[in-house]
Amino acid sequence: MNYFLTEEQQMIKELTQKIANEKIIPVRAELDEKEEFPKSILNDLAQADLFALYIPEEYGGMGFGCFETILAVEELSKACCGVSVSYAACALGAYPILLFGSEEQKKKYLSGIASGEKLAAFGLTEANAGSDASGIQTTAMEDGDFYVLNGTKQWITNGGEADIYTVIALTDKNKGIRGASAFIVEKGTPGFSFGKKEKKLGIRCSSTRELIFENCRIPKKNIIGREGIGFIVAMKTLDVTRPGIGAQGVGLAQGALDVALNFSGERVQFGQPVYSFQAVQHMLADMAISIEAARALVYATAKTIDSGAKVFSKESAAAKTFATDTAMKVAVDAVQILGGHGYMREYPAEKMLRDAKILQIYEGTNQIQRNVVALQLIKENSKKNR
Ligand code: COS
């Protein structure tokens, strides 16, 4: 399918593809096995200016948008979703500042993120606040020129590795989600520590840790926006970043199809390559059809966001859901086409299957995404009928 990429978009795609082929594919199995954070690959991405894509030029970025960023995420995900999530979670951490931060905060934090010198992370989830994000209990109490943070954030991607954390905490426990606020917390602030690195089914080279706040004092000027808008900061951020998870799904699925196609051409059974059997052909065809449909939806959503649209929760949730459900199905089918080889660590299909599962869970489960789509549909319909 021709998506009529500009010369610059084509360059971003090719550059990322080159890094994926040369730097990620040769080491992805080893990084996965050792659960090793891909620091040197992230340095390569920084050297190639890929952390700068979505950041405006006045803050040291390249001034592109969501679309160019997802092109990079897709290419990285074809090779390894553990690497691509470490890259994409940086944008998740940066977007609250980009969307709601003060001029001073943007100047102070975004150029380091754009250069790749500083990684970012986003802290919303807690032990009792996963799908129900409004159930957070971490507090940020005013004390003179400071806010004092207490509580624990769970399963934070880039936890421990990132330098800049955007964290949602309650400034007024009595107001529910209207009492939530967003903050910037720098690594190294006294009272801010990390839990152990979680052991995961997939995306094993990425870092997932708790963020632990124990009387952690941060300057008052580190609040993003103002008190009480923390839930909106989180939701608006997720609206922008969920297509990135969709792009992970598209990339992973394409990578799995490529592996299945190559394998089924080489594997001979009953005297012929297994892709000459119609049973296998139909699986390959269904994989290709659903991947292209997912790609078209993810690209269209990213372009809608970049067009300056104000409300796109439904589109964003739909793109995330469709593309990541596709990734899961395609990864399962790729393993099936490889048969016994697909189950072995020697081939990349089993890692892709393990990695695919989290895409249906993080940045909001696909069940929650369906709620978002349905509620928006109902809202739009009742407006129409009014
Ligand atoms: N943009 C702007 N405002 C939004 C919004 C959005 N995308 N989503 C919700 N809001 C507003 C609502 O308009 C509402 O405001 P009012 O009270 O003024 O009407 C308020 O926020 C509360 O919304 P709602 O009642 O829909 O909140 P719920 O508690 O029912 O939760 C869901 C909404 C389930 C969608 C939210 O909790 C969610 O996204 N959960 C998943 C969290 C997630 O993705 N976690 C992953 C962690 S980050 S890796």
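Residues passing the side-chain contact (heavy atoms from CB on, under 4.5 Å) test with K200 are E198, I203, S206, T208, sequence neighbours excluded. With sequence neighbours left out, M328 forms a side-chain contact (heavy atoms from CB on, under 4.5 Å) with V332, L353, A356, K357, Q360. Applying the salt bridge (Lys or Arg N to Asp or Glu O under 4.0 Å) criterion to K107, with sequence neighbours excluded, gives E103. For I378, there are no side-chain contact (heavy atoms from CB on, under 4.5 Å) partners at least two apart in sequence or on another chain. Residues passing the ring-ring contact (aromatic ring centres under 6.0 Å, His included) test with Y165, sequence neighbours excluded: F192, F194. Taking F64 as the reference, nothing meets the ring-ring contact (aromatic ring centres under 6.0 Å, His included) condition, with sequence neighbours excluded. Here E57 pairs with nothing under the salt bridge (Lys or Arg N to Asp or Glu O under 4.0 Å) rule; sequence neighbours left out. Residues satisfying the salt bridge (Lys or Arg N to Asp or Glu O under 4.0 Å) test with K236, not counting sequence neighbours, are none.
Counting all heavy atoms, side chain and backbone alike, A256 lies closest to V330 at CB-CG1, 4.1 Å.
Q336 CD: 12 or fewer foreign heavy atoms inside a 6.0 Å radius. Other residues, nucleotides and ligands contribute more than 12 heavy atoms inside 6.0 Å of the NZ atom of K303.
Judged as a salt bridge (charged side-chain N to carboxylate O under 4.0 Å, His left out), the pairs with a partner in residues 7-20 (not counting sequence neighbours) are, in order, K13-E75, K18-E22. Applying the salt bridge (charged side-chain N to carboxylate O under 4.0 Å, His left out) definition to pairs two or more places apart or across chains, those involving residues 263-292 are E292-R295. Sorted by first then second residue, the side chain to side chain donor-acceptor pair (under 3.5 Å) pairs that include residues 83-92, not counting sequence neighbours, are S77-S84, S84-Q248.
Think of F122 as one node in a network of Ile, Leu, Val, Met, Phe, Trp and Tyr side chains linked at under 4.5 Å; its network also takes in L92, L124, I136, I168, L170, I177, F231, M235, L238.
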